[in-house]
Amino acid sequence: MRFVSTRGEAPPAGLAQVLVKGLAPDGGLYLPESWPTYDNVFLASLREQSPLGIADRIAAPFLSDLPAADRRSLIADALDFPIPLRRLETVGDSTLSVLELFHGPTLAFKDVGARFLARLLAYLLRDEERPLTVLVATSGDTGSAVAQAFLGVPRTRVVILFPEGKVSPLQERQFTTLGDNIEALAVDGTFDDCQRMVKEVFADQELRQELLLTSANSISFGRLLPQAFYYFLAASQLPADAPPPLFSVPSGNFGNLTAGLVAQRLGLETAGFVAATNRNDVVPEYLENGVFSPRPSVRTLSNAMDVGNPSNFDRIQALYDGDLAALRRDLRGARFDDDQTRRAVADVDRRTGYLLDPHTAVGYLALRQELERRAEADESPASGIVLATAHPAKFRDGLEAVIGREIELPGRLAVCLERERKVRPIKGEAAPLIEILRH
């Protein structure tokens, strides 16, 4: 399979080249030159398939250069934790369920993409003599997921940029205390500054000639593909007579939402998607008025979604050929502030005993709002699914006051508090970052 840039000015590339480059030479993001098709028998029999069988079938056309046994082994190793769908409540004639994506090593949904990408890169570059440098920007869980996925991998250096003081303490400790081949850089700025620095580095062709450099951000197709898997896994857990799933996706950089749109493109029947955002609402705004106006991000309780210029917007535009009307048929936008988020966490906890993290709470609010709108409009019921992106204990400092009780810290998080923090401060500019990468 070959891949092309969303900007259309770079030559087609193979999988290994795409994964190493991350960003296309013209500054665009990679997508397949053509989309595979899956037979209706497979799509209709998702409930009868194993999670590994579903993921392997979806991945096969994209990983056509890998022997089948190697492909299955790679997927099984990456996705070695459950992704359960838990029914929470009903809204009119629709159901509202939570897809728990936080059962991996770092208790966040990004474990899925990061673990898959790390293993796929290691396989494809197994004969490469130069060491690999993985450069990643994080506003929350990406840093820890990537760090854990690549920790201790021979001939691999991971450099993580994060906005100083704008990542939750537990999230930060997960990647700033590892050492070994993991280096954390505290940027004096916002996540958008971190993301801009990464893009500027990848645009430096001289540096690209010196280093074997790649990214593990959501600009990488190697992270996008495995995220598409769990939309199929969610559908496979619905009852046989359930209506199509309506997905609400907590959205920041929009990689997770883009993966859902990819799953639909690959044949998954859905009732649509909701882009759930906090005050950083440039995509819901675009859906309303047709104008995309990126701007500096605003700090919120759901910090991993504090993105003012989401990079995957290019992919969304490419998937729909810039057709806003077509996009609106599949996607609605919603925005909620911190007070609404806190009230949702408290309300759901009180009524159901289920604790939402702040990001999932935004997704819950967006899904409930859309299900209520559908009921009032007398539209067909849907199987509402909100993607639960992180374990609530990662945000216990902000949530305990909301629910009025202590939140038990899982052992995997508690151990991070006992390790020494190892961080290097850096200005929000590409030049000092390039110097660090060269040494």
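The model shown is predicted, which means the values in this text are computed figures rather than measured ones.
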Find out whether Pro296 and Thr190 are in side-chain contact, i.e. whether some heavy atom of one side chain is under 4.5 Å from a heavy atom of the other.
no
Evaluate whether atom CZ of Arg87 has more than 12 neighbouring non-hydrogen atoms of other residues, nucleotides or ligands under 6.0 angstrom away.
no
Is the charged tip of Arg173 near the ring of Phe175: under 6.0 Å from the six-membered ring centre and within 45° of its axis?
no
Give the minimum heavy-atom separation between Leu29 and Ser311, together with the two atoms involved.
CD2-O, 3.8 Å
Pair Arg332 + Glu288: basic N to acidic O under 4.0 Å
no
Salt bridge (charged side-chain N to carboxylate O under 4.0 Å, His left out): which pairs involve residues 24-37, sequence neighbours left out?
Arg2-Glu33
Of Leu413, Asp357, Leu399, Ile407, the one forming a side chain to side chain contact (heavy atoms under 4.5 Å, CB included) with Lys394 is Leu413
Name the orientation class of the two ring planes belonging to His359 and Phe395 (parallel below 30°, tilted from 30 to 60°, perpendicular beyond 60°).
tilted
Can Thr106 and Gln148 be counted as having a side-chain donor-acceptor contact under 3.5 angstrom?
no
Are Glu285 and Arg335 within salt-bridge range, i.e. N to O under 4.0 Å?
no
Distance-only polar pair, side chains of Gln17 and Tyr30, donor-acceptor under 3.5 Å:
no
Between Ser168 and Gln171, is there a donor-acceptor pair closer than 3.5 Å when you use the side chain of the first and the backbone of the second?
yes
Under a 3.5 Å threshold, yes or no: a donor from one side chain and an acceptor from the other, between Gln49 and Ser45?
yes
Can a side-chain donor-acceptor contact be found between Asn278 and Asp306 if the only test is distance below 3.5 angstrom?
yes
Within this structure, what is the CG-OG distance for the pair Asn312 and Ser251, rounded to the nearest 0.5 Å?
10.0 Å
Spacing of CG belonging to Leu268 relative to CG belonging to Leu46, to within rounding of 0.5 Å:
7.0 Å
NZ/NE/NH1/NH2 to OD/OE distance under 4.0 Å, Arg57 and Asp39:
yes
Straight-line distance of Leu433 CG to Cys194 SG, nearest 0.5 Å:
9.5 Å
Is atom CZ of Arg279 surrounded by more than 12 heavy atoms (other residues, nucleotides or ligands) closer than 6.0 Å?
no
For the pair Phe313 and Tyr286, evaluate ring-ring contact (aromatic ring centres under 6.0 Å, His included) and give the outcome as yes or no after the intermediate values.
CA-CA 10 Å; Phe313 183 75; Tyr286 168 75; 5.1 Å; yes
